[in-house]
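Let me begin by presenting the structure, written as structure tokens, before commenting on it.
Everything numeric in this text was worked out from a predicted model, so none of it was measured. These values consider heavy atoms only, across backbone and side chains, with no hydrogens, waters or symmetry-generated copies. Residue numbering restarts at 1 for every chain, and letters A, B, ... go by the order of the sequence lines.
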2 protein chains.
Amino acid sequence: MICQCESCHLKTLFYSSIRLDEIEGYCSSRREIGVKAGEDLIKQGEEIRDFIYLKEGLVKLYRKSDNGQIQIIRFGKPFDFVSLLSVFSDDKYNYSVSAIEDSVACVFDLSEIKQLILTNGAFAMHLIEIQNRASDLIIMNTLDLLQKRLYGRVASVLLYFAIEIYKSDEFELPISRKEIAQYIGMSIENVIRVISAFRKDKIIQVYGKNLAILDRERLERMRDLS
Amino acid sequence: MICQCESCHLKTLFYSSIRLDEIEGYCSSRREIGVKAGEDLIKQGEEIRDFIYLKEGLVKLYRKSDNGQIQIIRFGKPFDFVSLLSVFSDDKYNYSVSAIEDSVACVFDLSEIKQLILTNGAFAMHLIEIQNRASDLIIMNTLDLLQKRLYGRVASVLLYFAIEIYKSDEFELPISRKEIAQYIGMSIENVIRVISAFRKDKIIQVYGKNLAILDRERLERMRDLS
DNA sequence: ATCAAAAGATGATATATATCATATAGATAA
DNA sequence: TTATCTATATGATATATATCATCTTTTGAT
């Protein structure tokens, strides 16, 4: 029987560079893992054996720094590779991945992916491009945060969820103020304060977990200045 | 005539995965470019045609952010690929590279490297590993800076040059206070102040461009706390 | 050698951010 | 339900950082 991945978006990324007779083997190691919100998909320090791709849901990549602080590296949405960092350069994960929303991951044997790289140039090329784009995004994002101040950083995160994740100015904020703080490198109290200030200034509206961006332009100006 | 790259360290990275009959073509597009301190090797916005590797010297990768600020992304030392970021994912450089010290770069046609990826699995695998390691380093570094305060960030930079670049506690600091500021995302004045403070505390000694780390342990503690 | 520009240095002050304290609402477990 | 914990919220204060100003030193150009 031929592979069941017809509906999977991974197909558009990879299948174009894989010959039909390779698809069988390619799918053989593929399995799906469901993780509930709060559960870990990858634990820092674990040995890297898999190549993981997010099919559904939302996850966070984070690490525990030397002094014990939790730092969120980035968020992962469907079609993102959550195991791109370190996968090919290290033997142990130097970050953890946990589900923010209930999620489904596609898991492949890393050894199989490596075999594909060795034997299929087009696949390798494709993977390199995807990897590059992903790394560049993280780097540019983190650099952006580094030169912004508190207000710009918070605005940045809110706009990220509106634009990249939910593609709408109204959404349920999936992360806590604490997680925002861990992502942008500021204190929890100040994150809360800024969100309150945005609310009082009618830039956003908050009711429970729901968040609506009322004045997108002003929020973008807050993000872009300083 | 066979390739002249015997002495080049690139050999150890790449030649192991390249067959002898490929070396000829591999070398055909290779050329060396010398850049004097202060000169640009790559300009942000330029089209990406080359694959560049630093043979000698010291460079900085930097970008101009949306609001016009200059931000240093990382430094490049011999055997670093200075064109790893975006090379395979974009058509234009989104950063510049300029020489801090007089430098020599090895330049290859990107198209030729891409051809190698397509036809040589071992080479592709090797390149992916190198790329991953490089990206991970930048990401972890930038994340580290993001959660550190002024003193920790400055300590971090000084130790970086001591450990990674010069492998000695005494060296000529190759960059200005302004460049340190552009790298760590703090003001020039405060960078100067911190260096003065380190000097007054006998953690470092400064005479002209020369810098000596007198108390490595304390400097490392400064880096690691907060 | 001279001048101009940039880098380094430092003080005074304003602003931004963290920290500590406390309170309330919401979530979770017993 | 009650009790307990966590998240959100806000004020007061301490600390960290930026900004502005001024000065000296170094560097670079002519």
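For A:Asn132, the side-chain hydrogen bond (donor to acceptor under 3.5 Å, both in side chains) partners at least two apart in sequence or on another chain are B:Gln131. Evaluation of the side-chain hydrogen bond (donor to acceptor under 3.5 Å, both in side chains) rule for B:Glu189 yields no partner, not counting sequence neighbours. For A:Arg193, the side-chain hydrogen bond (donor to acceptor under 3.5 Å, both in side chains) partners are A:Asn190, not counting sequence neighbours. By the side-chain hydrogen bond (donor to acceptor under 3.5 Å, both in side chains) test, B:Ser111 pairs with no residue at all, sequence neighbours left out. Among residues two or more places apart in sequence or in another chain, the salt bridge (charged side-chain N to carboxylate O under 4.0 Å, His left out) test is passed with B:Arg216 by B:Asp169, B:Glu220. Every residue meeting the side-chain contact (heavy atoms from CB on, under 4.5 Å) condition with A:Ser98, not counting sequence neighbours, appears here in chain and number order: A:Asp40, A:Lys60, A:Tyr62.
Phosphate contact (OP1/OP2 of C:dG8, side-chain N/O of B:Arg177, threshold under 4.0 Å): present. Taking only side-chain nitrogens and oxygens, B:Ser196 never comes nearer than 4.0 Å to OP1 or OP2 of C:dG8.
Within the structure, salt bridge (charged side-chain N to carboxylate O under 4.0 Å, His left out) pairs that include any residue of residues 126-136 of chain B do not occur (at least two apart or interchain). Under the ring pair (Phe, Tyr, Trp, His ring centres under 6.0 Å) criterion, the residue pairs touching residues 170-191 of chain A are A:Phe75-A:Tyr183, A:Tyr166-A:Phe171, with sequence neighbours excluded. Identified under the salt bridge (charged side-chain N to carboxylate O under 4.0 Å, His left out) test for residues 90-108 of chain B, with sequence neighbours left out: none.
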Response to the item:
Whether each nucleotide of nucleotides 14-30 of chain D has a protein heavy atom under 4.0 Å at its base (B), only at its sugar-phosphate (S) or at neither (-) is summarised, 5' to 3', as --SSBBB----------
Worksheet item: How does each nucleotide of nucleotides 24-30 of chain C score, in 5' to 3' order, for protein heavy atoms under 4.0 Å: base (B), sugar-phosphate only (S), or none (-)?
Response: -------
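Atom C1' of nucleotide C:dC20 and atom CD1 of A:Ile188 are separated by 13 Å, given to the nearest angstrom. A:Glu179 places its CD atom 12 Å from the C1' atom of D:dT6, with the value rounded to the nearest Å. Atom CG of B:Leu211 is separated from atom P of C:dA7 by 18 Å (rounded to the nearest Å). Atom CZ of A:Phe198 and atom P of D:dT10 are 15 Å apart (whole Å).
Comparing the end axes of the helix from C:dA1-D:dT30 to C:dA30-D:dT1, each fitted to five base pairs by superposing C1' atoms of four pairs onto the next four, gives an inter-axis angle of 60° (nearest 10 degrees).
Across all strands shown, B:Arg199 has heavy atoms under 4.0 Å from sugar-phosphate atoms exclusively, and none from any base.
Side chain of A:Ser103 to main chain of A:Leu58: a donor-acceptor pair is present (N/O by atom type, distance under 3.5 Å, no hydrogens or angles).
When only modelled atom types and interatomic distance are considered, A:Gln71 and A:Arg63 share a side-chain donor-acceptor pair under 3.5 Å.
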